[in-house]
Every structure is written in C-alpha cells, then in structure tokens.
Amino acid sequence: MALLLMAACASIGSPDGGIYDEIPPKVVASYPTDRSVGINEKKIRIRFDEYIKLMNANEKVIVSPPQIEPANIRADGKSVKIRLYDSLQANTTYTIDFSDAIVDNNEGNPMGYYTYSFSTGEEIDTMEVSGVVLNAADLEPVKGIFVGLYPVDSVFNDSILRNKPFSRVSRTNSSGWFCIKGIKQGKYCAFALEDKDGDFLFSQKSERIAFLQDTFTTSSKWDVRMDTIWRDSTHYDSIRVVPYVHYYPDNLVLNAFLEAGQDQHLLKAERPDPDVIKLFFTAPADSLPVIKGINFDEKCLVADASLNNDTITYWITDTAFTHREDTMKFELSFLETDSLGVLQPYTELMELAPKLTWEKISKEKQKKVQEWRKQREKLLKKAKEPLAPEENPYEKTFLDLSVKPSGSLDPNQNVRYVSKQPIARVDTTRMHLYVKQDSLWIPEPFLFLPDRDIKSYTLYAEWEQKHQYRFSIDSAAIVGIMGDPCKAIKNEFSVSSEDQYGSLFVHVIMPDTGQVIVQLMGKTDKCVATLPTDEKGRADFFFLKPAEYYLRCFLDSNRNGNWDTGEYDNGLQPEQVFYFPKPIQVKAKWDVEQDWAPLEIPRMSQKPKELTKQKADKQKTVKDRNKEREQKKQQEKRK
C-alpha cells in the first residue's frame with residue numbers, strides 16, 4: 001500500500017480538478033429594479049448568479065449626480081450593496097456606473113461594463129456623451145479625472161464650476177476616455193476637474209481643470225456595428241450586424257491644465273554641506289527671497305537660481321565663518337500665498353547646520369590622501385625605472401569642469417564648459433584654440449563667453465567641417481566662487497561632415513491665428529530643437545543626425561515664444577498643442593519635406609503611441625483555462 005502511495009506521489013502531472021468556470025457573473029435581480037421610476041430609496045441591492053467581488057471600486061465605480069458624502073458600495077457574497085447618504089434630488093435619474101469592476105469571486109471572470117440606474121421622477125433619462133481628457137501641454141491621456149456637465153439654463157454662468165457641483169459626472173479611464181450616462185435631452189457645457197478636496201468645485205489652484213467654451217446639444221440615432229464571433233484565438237466563425245443606439249456627441253476633447261500662479265510656499269530649506277544653502281519653493285516666483293544674516297554677513301552669499309526661481313542655491317563664500325561656526329542663523333523673507341490666495345510678505349527665522357560637517361569632510365579627505373600615498377609607494381617599489389614626480393590629487397581642491405559635447409561636433413554646434421559651482425573669474429589669455437592643418441596645430445580665434453547659467457561658459461569659433469581642433473586651458477585660468485582653481489585642461493574634437501546629416505523641412509498649414517512654434521522631438525518625447533515658423537509657415541531643421549523624429553507644435557497666440565497655460569475666470573484656454581501622428585525618418589544626405597495640417601487630424605488621435613507614457617490598462621477578458629487544461633491532458637496522454 002505504501003509503495004502504491006509513493007508511486008502516486010511520484011507520477012507526472014497533478015490531479016484534474018474539473019472544468020473551470022469561464023462564465024461571467026450575471027445580474028438576476030435588483031432592489032429597486034434597474035431603470036425603475038418614482039424611487040426614493042437610498043439602499044440598493046443588486047443580486048448575481050454567483051459570488052462576486054469588486055476590483056478597484058474606489059477608482060472605477062462612480063455615482064451620478066455626484067455625491068458630496070461618498071456612497072458606501074461593497075460586495076457581499078452574491079450581491080452588491082449600495083447606500084446613498086446625500087439627499088435624493090427630485091425628478092432626477094441616478095446612475096451607478098461600475099465600469100468593469102465586477103468579477104466573479106473564483107476565477108476573476110469580468111462581467112463587463114455595467115451601469116445600474118433609477119429615477120426619482122416619472123421617467124429615465126438615457127442620453128450619453130463621451131470623449132477624452134488630454135493634458136494640454138503634451139496631449140497625454142489624463143487618468144482618473146472627473147468630467148462633469150452643467151445644463152445651459154437660467155442658472156448657468158461663467159463661474160459655475162466655483163460655486164455649484166456638476167449636474168452629471170463620470171471619471172476618465174487609463175486612456176483618458178469618459179462616458180457620462182443618464183443625461184436628460186438638452187444643451188450642456190462640459191468641464192474636467194482634478195478634485196482634490198471632494199467638493200466637486202474648482203476651489204484650489206493645485207487642481208487641474210478643463211472646460212469647453214462651446215456648448216453642445218445631446219442627440220442619438222440608431223446605428224449598427226459589426227461583431228466578430230471567434231471560433232478560437234486565430235479563427236473567426238462569423239460576423240454579425242448588431243443594431244444599437246448611438247449617442248452624440250461622442251468625441252468631446254477637454255484639455256486639462258494647471259493655472260499659472262500656483263500657491264507659493266517654502267517647501268524646505270537645507271544645507272547639504274558647509275558651503276551651500278538650498279531653498280525649495282512650491283511654485284515659480286518673480287523675485288528672489290531676501291536673507292539677512294544674524295551671525296554672519298549676508299554679502300558672502302552668491303545666489304544660483306533656477307529658471308523660475310523655485311529652487312535656489314546659495315554659495316557661502318566666507319570660508320572662515322563656515323570653518324568657525326557650524327550653525328547659520330538668518331532671517332528669510334519671501335512672498336507666501338495666504339488663505340485667501342493672495343501673496344503676502346512673510347519672514348521666518350532659520351537656523352541651518354550642515355548635514356556633512358567640515359570634520360567629516362576633513363577625515364574623508366585625509367583618508368583618500370593616505371590611500372593615494374600607499375598606492376604611490378607600491379608603484380615606486382614595482383617600477384623598474386624612476387617615476388616622474390606626481391602631485392597628490394586629494395591634497396588640493398580643484399574646480400570640477402565638464403565639457404559638452406566631447407569628441408565630435410555637429411557643424412552648427414558649440415562647446416560648453418560646465419562647473420559644479422559658480423564661476424568667479426576667467427582669464428581668456430590663458431586659453432588657446434588650435435586647428436590642425438596637415439601635421440601642424442595653427443592658432444585659431446575664438447570667443448569664450450558666459451551663459452545665462454552662472455556655472456557655464458561656451459566656446460565659439462568658425463568651425464570648419466572635417467577639421468580637428470584642440471582647446472587648452474591653463475591651470476587656474478578658471479576660478480570658482482569658492483576660490484578653487486581649475487586644473488590644466490586639453491580637449492580635442494573634430495567637426496563632422498555635413499554628409500553625415502539630413503534635413504527636415506516642415507510646412508505647417510494653419511489659419512492665421514498667431515505664430516506657430518515647431519518642436520522636433522526624440523523617442524522619449526524630449527525636445528531636440530525648436531523653431532518658429534516663418535511667414536510661409538515653414539520651419540527648417542538642418543544638420544539632423546540620422547534617426548526617427550517626431551513633431552510637436554503649439555499656437556503661440558501672444559507671440560512670447562513660450563507655451564502658456566489657461567485661466568478659468570477669464571475664459572482663457574491654454575495655447576493649443578498638436579502632434580504629428582507618425583514618426584519621420586531622417587537619413588544622411590537626405591532632405592525630407594513634410595506638410596502638416598494639425599487641425600485636420602482629431603486631437604485624440606494625434607500623439608503617437610510610442611511617445612504616450614500613460615498606457616491603456618490591459619482589457620479584462622475571460623481566461624481560456626479550459627482550453628489550456630485540455631491541451632495539458634492531451635500532452636500527458638501522449639507521454
């Protein structure tokens with residue numbers, strides 16, 4: 001008997017548990033009955049033919065009209081129980097849209113999209129509208145944002161989103177798509193709102209919004225669609241014509257944006273090492289904060305601010321103070337948004353000690369000095385010939401400079417030298433540029449000029465294709481704000497031939513609605529080059545490396561050269577952004593001409609899938625486990 005048991009345990013395969021359940025759950029009853037009228041009941045129960053569960057109910061299930069006090073929706077065995085807490089509105093259709101959240105409890109078979117509805121009046125409203133919400137700046141689908149409607153009637157006004165919740169509401173899925181159901185026939189305006197406080201009102205600047213300036217009227221008509229009946233995963237059995245009611249509009253596009261002038265607050269202040277103070281703010285600012293030293297003279301601070309002044313690094317040039325005192329005490333004065341959304345002057349007393357002290361820095365430096373000396377002694381012992389004297393690189397601090405690009409230059413490119421700290425002094429008489437002619441290096445004129453960033457300089461020259469250049473910088477020719485000199489630097493680079501590049505000539509066909517800015521994009525949706533169109537609508541890009549490129553443009557309505565966001569109170573939409581829907585292949589020695597009419601391509605279909613970061617969730621389907629089970633049984637029989 002024991003031998004038989006052992007043989008059974010050692011047999012190949014596992015016991016067959018029988019046929020898997022591949023039938024999705026079905027509704028068998030609901031209380032009140034689905035699509036009932038004259039209902040004033042806040043408790044709803046929907047029964048199914050098997051045990052079910054709700055997947056991601058908080059994200060997917062939505063009650064319309066919106067509920068200020070969230071409804072309690074839960075799975076209970078073979079039922080879903082709903083408890084509404086808000087007062088029911090008279091003569092109103094209520095919908096509970098479950099999306100695809102309902103699945104059976106055992107196998108996870110999805111029921112599919114399901115909506116329950118009832119009316120407190122004498123009729124059910126059945127109209128629907130649908131569309132997408134896109135991020136205005138880059139046309140990314142916006143997932144999980146509320147989309148709502150207001151009827152255009154005597155109550156409607158331009159600021160309604162600030163003082164009255166939506167009449168009907170839905171939420172976008174992972175593709176940015178939404179469908180609002182249970183709508184009364186009529187005229188509406190649509191909005192999207194990233195509601196952070198649950199009041200269904202635009203009450204915070206940090207909430208993304210979108211609004212349509214044009215109203216629309218709901219409508220419907222009978223239509224047909226083709227449904228494919230599949231025999232298996234690769235062969236279809238037949239195609240049937242299925243009649244259905246097609247609701248309009250079904251192509252609304254809302255462009256979501258954050259308004260400019262976000263609430264400004266000091267996010268944090270830190271001192272990562274003795275020489276640096278860093279300030280981080282929550283929003284851009286027009287001016288820098290003011291520091292008044294208490295135990296030091298604030299004149300020793302050199303500000304290195306980001307483009308929008310929301311991140312600021314202060315370099316502390318008084319090294320005698322930083323070696324003597326650990327803690328910096330100062331008053332920081334800046335503008336901060338108050339509870340009414342108004343910028344007000346604010347002063348805060350601060351004390352900052354470095355995370356990395358001079359004592360620790362000194363110990364680490366001494367450790368590296370000793371390690372270098374030991375390595376040097378080993379080399380001297382092993383060397384067969386005397387080694388040239390070499391300075392210990394850790395005994396003195398040098399300015400760290402990087403060069404961009406290195407090695408090879410495009411014909412229209414220049415060279416940037418970037419430091420890790422602001423540059424205080426530059427002596428161009430101790431810099432030399434040479435061009436190689438035959439075997440000789442011939443001096444060449446150049447310019448070495450500061451950039452907007454106080455940590456970088458650019459080398460300019462009349463670069464000639466197929467020529468090799470050498471640029472040398474003597475030691476201490478560049479000195480940082482902390483007094484650190486640069487080491488002697490010698491860079492060699494060559495200028496590539498134009499035969500290695502292609503050109504792209506873009507003709508934007510657009511009504512005369514302002515200047516168009518064309519942006520050339522790489523595969524990661526990062527801007528490679530930017531050009532405004534000329535009077536003929538052309539933007540010509542030269543010296544492009546062979547690759548696949550993408551095109552984006554925006555209507556620069558105010559002609560300031562930048563993309564500008566919208567403003568709800570003034571009815572100002574963000575400047576329109578467009579993508580060319582396909583990649584463009586640029587080859588060496590090729591000139592590519594591309595006509596582009598952005599307004600002729602539906603906005604929801606413009607951004608290429610390769611660039612879209614917000615991917616659609618995988619569609620839920622019934623698992624074909626019985627087929628897998630049968631194939632496994634056949635394989636075991638053959639063995």
Side-chain angles (χ1 to χ4, degrees), residues 136-139 307 404-405 407-416 446-447 449 451-452 458-467 469 493-564 574-601 603 605-608 610-611:
D138 57 10
L139 302 194
L307 180 62
K404 301 176 181 181
S408 180
L409 284 182
D410 299 337
N412 61 341
Q413 200 170 21
N414 293 296
V415 186
R416 290 183 70 227
F446 68 92
L447 292 173
L449 302 177
D451 300 328
R452 191 203 70 84
T458 298
L459 172 66
Y460 300 91
E462 292 291 337
W463 310 115
E464 292 189 39
Q465 297 174 36
K466 301 180 183 180
H467 280 61
Y469 293 84
F493 40 87
S494 57
V495 180
S496 302
S497 167
E498 64 180 9
D499 292 344
Q500 300 178 32
Y501 302 88
S503 300
L504 173 60
F505 307 127
V506 183
H507 179 213
V508 181
I509 304 167
M510 186 82 77
D512 187 16
T513 52
Q515 181 172 267
V516 178
I517 305 293
V518 181
Q519 296 174 315
L520 198 63
M521 317 299 291
K523 289 186 176 181
T524 59
D525 206 20
K526 184 178 179 181
C527 184
V528 176
T530 300
L531 285 175
T533 54
D534 60 19
E535 64 277 1
K536 296 181 180 179
R538 291 182 61 91
D540 298 338
F541 296 92
F542 296 96
F543 300 116
L544 299 179
K545 294 178 181 178
E548 272 191 348
Y549 294 93
Y550 297 85
L551 288 174
R552 181 172 72 191
C553 74
F554 65 89
L555 287 178
D556 186 19
S557 304
N558 57 6
R559 296 182 179 271
N560 68 349
N562 300 313
W563 178 83
D564 293 299
E575 291 181 331
Q576 294 183 71
V577 173
F578 305 92
Y579 276 80
F580 189 71
K582 299 183 295 184
I584 298 174
Q585 185 71 44
V586 173
K587 299 181 179 180
K589 297 190 287 187
W590 281 41
D591 293 337
V592 180
E593 293 269 358
Q594 182 63 62
D595 288 341
W596 182 16
L599 295 179
E600 294 181 5
I601 308 167
R603 294 289 289 283
S605 306
Q606 286 191 7
K607 189 163 188 178
E610 299 88 344
L611 300 186

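Every value quoted in this text rests on a predicted model; they were computed, and no experiment measured them.
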Glu548: side-chain contact (heavy atoms from CB on, under 4.5 Å) partners, not counting sequence neighbours: Lys523, Tyr550, Pro583, Gln585
By side-chain hydrogen bond (donor to acceptor under 3.5 Å, both in side chains) - contacts of Ser408 (at least two apart): Ser496
Straight-line distance of Asp595 CG to His507 NE2, nearest 0.5 Å: 6.0 Å
Nearest-0.5 Å distance, CE of residue Met521 to CG of residue Leu611: 7.5 Å
Distance (rounded to the nearest 0.5 Å) between Thr533 OG1 and Ile509 CD1: 12.0 Å
Closest heavy-atom pair and its distance - Val528, Gly522: CG2-N, 3.6 Å
Worked verdict on Val508 versus Phe578 for side-chain contact (heavy atoms from CB on, under 4.5 Å): CA-CA 11 Å; Val508 181; Phe578 305 92; over 6 Å; no
Side chain to side chain, Glu464 and Val495, heavy atoms closer than 4.5 Å: no
Set of residues satisfying ring pair (Phe, Tyr, Trp, His ring centres under 6.0 Å) with respect to Tyr460, sequence neighbours excluded: none
Leu544/Leu520 under side-chain contact (heavy atoms from CB on, under 4.5 Å): CA gap, chis, key distance, verdict: CA-CA 10 Å; Leu544 299 179; Leu520 198 63; 3.5 Å; yes
Leu459 side chain near Leu447 side chain, heavy-atom distance below 4.5 Å: no
Evaluation steps, side-chain contact (heavy atoms from CB on, under 4.5 Å), between Phe554 and Gln576: CA-CA 5 Å; Phe554 65 89; Gln576 294 183 71; over 6 Å; no
All side-chain hydrogen bond (donor to acceptor under 3.5 Å, both in side chains) counterparts of Asp534, not counting sequence neighbours: none
From Leu531 atom CG to Leu504 atom CG, the distance as rounded to the nearest 0.5 Å: 10.0 Å
Residue pairs, two or more places apart or on separate chains, that pass ring pair (Phe, Tyr, Trp, His ring centres under 6.0 Å) and touch residues 579-600: Phe580-Trp596
By side-chain contact (heavy atoms from CB on, under 4.5 Å) - contacts of Ala547 (at least two apart): Tyr549
Residue list, side-chain hydrogen bond (donor to acceptor under 3.5 Å, both in side chains) with Asn560, at least two apart or on another chain: Asp564
Closest heavy-atom pair and its distance - Ile517, Pro532: CD1-CB, 3.8 Å
Spatial distance of atom CD (Gln519) from atom SG (Cys553) [nearest 0.5 Å]: 8.5 Å
Shortest non-hydrogen separation from Gly502 to Val586 and the atoms involved: CA-CG1, 3.8 Å
Nearest heavy-atom neighbours spanning Leu139 and Lys607: O-CD, 3.9 Å
Qualifying residues under side-chain contact (heavy atoms from CB on, under 4.5 Å), relative to Glu593, sequence neighbours excluded: Phe505, Arg538
Minimum heavy-atom distance between Asp525 and Arg552, given as atom pair plus value: OD1-NH1, 4.1 Å
Parallel, tilted or perpendicular: rings of Trp463 and Phe493 (30°, 60°): perpendicular
Minimum heavy-atom distance between Ser605 and Pro581, given as atom pair plus value: O-CB, 4.0 Å
Which residues share a side-chain hydrogen bond (donor to acceptor under 3.5 Å, both in side chains) with Glu575, sequence neighbours left out: none
Nearest-0.5 Å distance, CG of residue Leu409 to CG of residue Asn414: 7.5 Å
Residues that Asp591 engages under salt bridge (Lys or Arg N to Asp or Glu O under 4.0 Å), provided they are two or more places apart: none
Residues Val577, Asp138; criterion side-chain contact (heavy atoms from CB on, under 4.5 Å); working and verdict: CA-CA 7 Å; Val577 173; Asp138 57 10; 5.9 Å; no
Partner set under ring pair (Phe, Tyr, Trp, His ring centres under 6.0 Å) for Phe446, not counting sequence neighbours: Phe471
Partners passing side-chain contact (heavy atoms from CB on, under 4.5 Å) against Ser497 (at least two apart in sequence or in another chain): Gln465, Lys466, Asp499, Gln500
